[in-house]
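What you see is a predicted model; the values in this text were computed from it and never measured.
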Amino acid sequence: MDGNGRWATKRGLARLEGHRQGAQTVENIVRVAPSLGIKTLTFYAFSSENWKRPEDEVNGLMELLRIYFTSKLEKLKSNNIRLRVFGDKTPQGKLGDDIVQIIEQAEEMTEECDGLNVNFCINYGGRDEIIRAAQQFADDVERGLRFVGDLDEKLFSSYLDSGLQADPDLVIRTGGDQRISNFLLWQLSYSELQFVKTAWPDFSGEDLRDILIEKQAVERRFGAVDVF
Ligand code: FPP
């Protein structure tokens, strides 16, 4: 969801206004996703590197997440949306106890929902996720719950924040930069990547539909050769 800051600055607004508008875009995209046949959406809302931003921007983003996760909860539930948060939520991590509590409550309250999956990456880094998964696996080996020889891709995936969710078919980065920036490093091995110049606050359901139509024409072979 890149480009919020530039979107705001261009309009003479505070960067946080860009993030507020960005949260509105999240809502718009969540609303149209089911009609486009999307089963899972994953939003990169706050990376483990974003803590380096000015304190007031970090606080503002945290407040936005706090408000979103509490005020939208009933609406998410009534729309059968299952919410999950990927990222370091451990007490050793940097997220405040209050926000971890809000996140866990939101995850629990939507646990029974089996419609659209909406994942938010918060205090998330792809490398960090892989390290946390490796640590948890090692811990299970140490406790005699697993054998090293059991480890394969499927078992390792189950230790990631995404668990056994399907890998993403498509990754869209708005804002013009063409980088992965530590997003779902393990999961996007075979994903289609789409980089668009539009800033996230201006990204619309129609933009999403247009990309999906364009990408439908692309055949993903997962490393296999074409048999035709
Ligand atoms: C990157 O744009 C965006 C972020 C670091 C935050 C994204 C967060 C939201 C859209 C809001 C959170 C969502 C909810 C549902 C409350 P940038 O600030 O790096 O933009 P720039 O590259 O133009 O400076």
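Shortest non-hydrogen contact noted between K154 and L164 is O-CD2, 3.8 Å. Nearest heavy atom pair, residue R53 against residue V58, reads O-CG2, 3.6 Å. The shortest non-hydrogen separation linking K215 to L193 is NZ-O, 3.6 Å. The two residues T198 and T174 have their closest heavy-atom pair at O-CB, 3.1 Å. Residues A45 and F120 approach most closely at CB-CD2, 4.3 Å, considering heavy atoms. N80 approaches C113 most closely through the heavy-atom pair OD1-CA, 3.1 Å.
L64 is not connected to F69 by any chain of hydrophobic side-chain contacts under 4.5 Å among Ile, Leu, Val, Met, Phe, Trp and Tyr, and they are in different clusters. Hydrophobic clustering of Ile, Leu, Val, Met, Phe, Trp and Tyr side chains at less than 4.5 Å, counting indirect connections, keeps M1 apart from L16. Follow the hydrophobic side-chain contacts under 4.5 Å out from F203 and you never reach F195; the two are in separate clusters. When hydrophobic clusters are built by joining Ile, Leu, Val, Met, Phe, Trp and Tyr residues whose side-chain heavy atoms come closer than 4.5 Å, directly or via intermediates, I122 is not grouped with F183. Linking Ile, Leu, Val, Met, Phe, Trp and Tyr residues whenever their side-chain heavy atoms come within less than 4.5 Å leaves F86 and I29 in two separate clusters.
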Show me the donor-acceptor pairs, under 3.5 Å and distance only, between side chains in residues 31-43 and residues at least two apart or in other chains.
from, atom 1, to, atom 2, distance (Å)
R31, NH2, E27, OE2, 3.4
S35, OG, V32, O, 2.7
T40, OG1, N117, ND2, 3.3
T42, OG1, N119, ND2, 3.0

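With hydrogens and angles left out, the side-chain atoms of R173 and S181 include a donor and acceptor closer than 3.5 Å. Side-chain contact annotation: S204 with D207, donor-acceptor N/O pair under 3.5 Å present. The closest side-chain donor-acceptor pair between N28 and Q24 falls under 3.5 angstrom.
With contacts defined as side-chain heavy-atom distances shorter than 4.5 Å, the pair D128/N123 does not qualify. Between L185 and N182 the shortest side-chain heavy-atom distance falls below 4.5 Å. Taking 4.5 Å as the limit, every side-chain heavy atom of I180 sits out of range of all side-chain heavy atoms of V171. Under the 4.5 Å side-chain criterion, counting only non-hydrogen atoms from C-beta, E214 is not in contact with D210. At a threshold of 4.5 Å between non-hydrogen side-chain atoms, the residues L95 and M62 count as touching. The closest side-chain heavy-atom distance from Q165 to Q187 is not below 4.5 Å. Using a 4.5 Å cut-off on side-chain heavy atoms (C-beta onward), Q101 and E104 make no contact. Using a 4.5 Å heavy-atom threshold, the side chains of E107 and K89 count as touching.
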TODO: Determine, stepwise, if the pair R146 / L155 fulfils side-chain contact (heavy atoms from CB on, under 4.5 Å).
DONE: CA-CA 10 Å; R146 297 277 186 203; L155 182 60; 3.5 Å; yes
TODO: Show your working on side-chain contact (heavy atoms from CB on, under 4.5 Å) between I99 and L65 and close with a plain yes or no.
DONE: CA-CA 8 Å; I99 199 148; L65 290 166; 4.1 Å; yes
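A perpendicular orientation is assigned to the rings of Y124 and Y44, their planes being inclined by more than 60° (bins at 30° and 60°).
Between K77 and E74, none of the side-chain N atoms (NZ, or NE/NH1/NH2) sits under 4.0 Å from a carboxylate O, so this pair counts as no salt bridge. Remark: R20 engages E17 in a salt bridge, criterion side-chain N to carboxylate O under 4.0 Å.
Taking F46 as the reference, W51 meet the ring pair (Phe, Tyr, Trp, His ring centres under 6.0 Å) condition, with sequence neighbours excluded. Partners of R127 under the salt bridge (charged side-chain N to carboxylate O under 4.0 Å, His left out) rule, at least two apart in sequence or in another chain, do not exist in this structure. For W7, there are no ring pair (Phe, Tyr, Trp, His ring centres under 6.0 Å) partners at least two apart in sequence or on another chain. Legend: residues meeting ring pair (Phe, Tyr, Trp, His ring centres under 6.0 Å) with F156, ordered by chain and number and at least two apart, are W186.
T25 places a side-chain N or O within donor-acceptor distance of the main-chain N or O of P201, the cut-off being under 3.5 Å. Although no hydrogens or angles enter the test, the distance criterion places no donor-acceptor pair under 3.5 Å between the side chain of D139 and the main chain of Q135. No donor-acceptor pair under 3.5 Å is formed between the side chain of D167 and the backbone N or O of L188. Between the side chain of E129 and the backbone N or O of D161, at least one donor-acceptor pair lies under 3.5 Å.
Atom CG of D98 has more than 12 neighbouring heavy atoms from other residues, nucleotides or ligands inside a 6.0 Å radius.
Distance check: R15 CZ to N4 CG gives 8.0 Å after rounding to the nearest 0.5 Å.
Members clustered with F147: none, using a 4.5 Å side-chain heavy-atom cutoff among hydrophobic residues.
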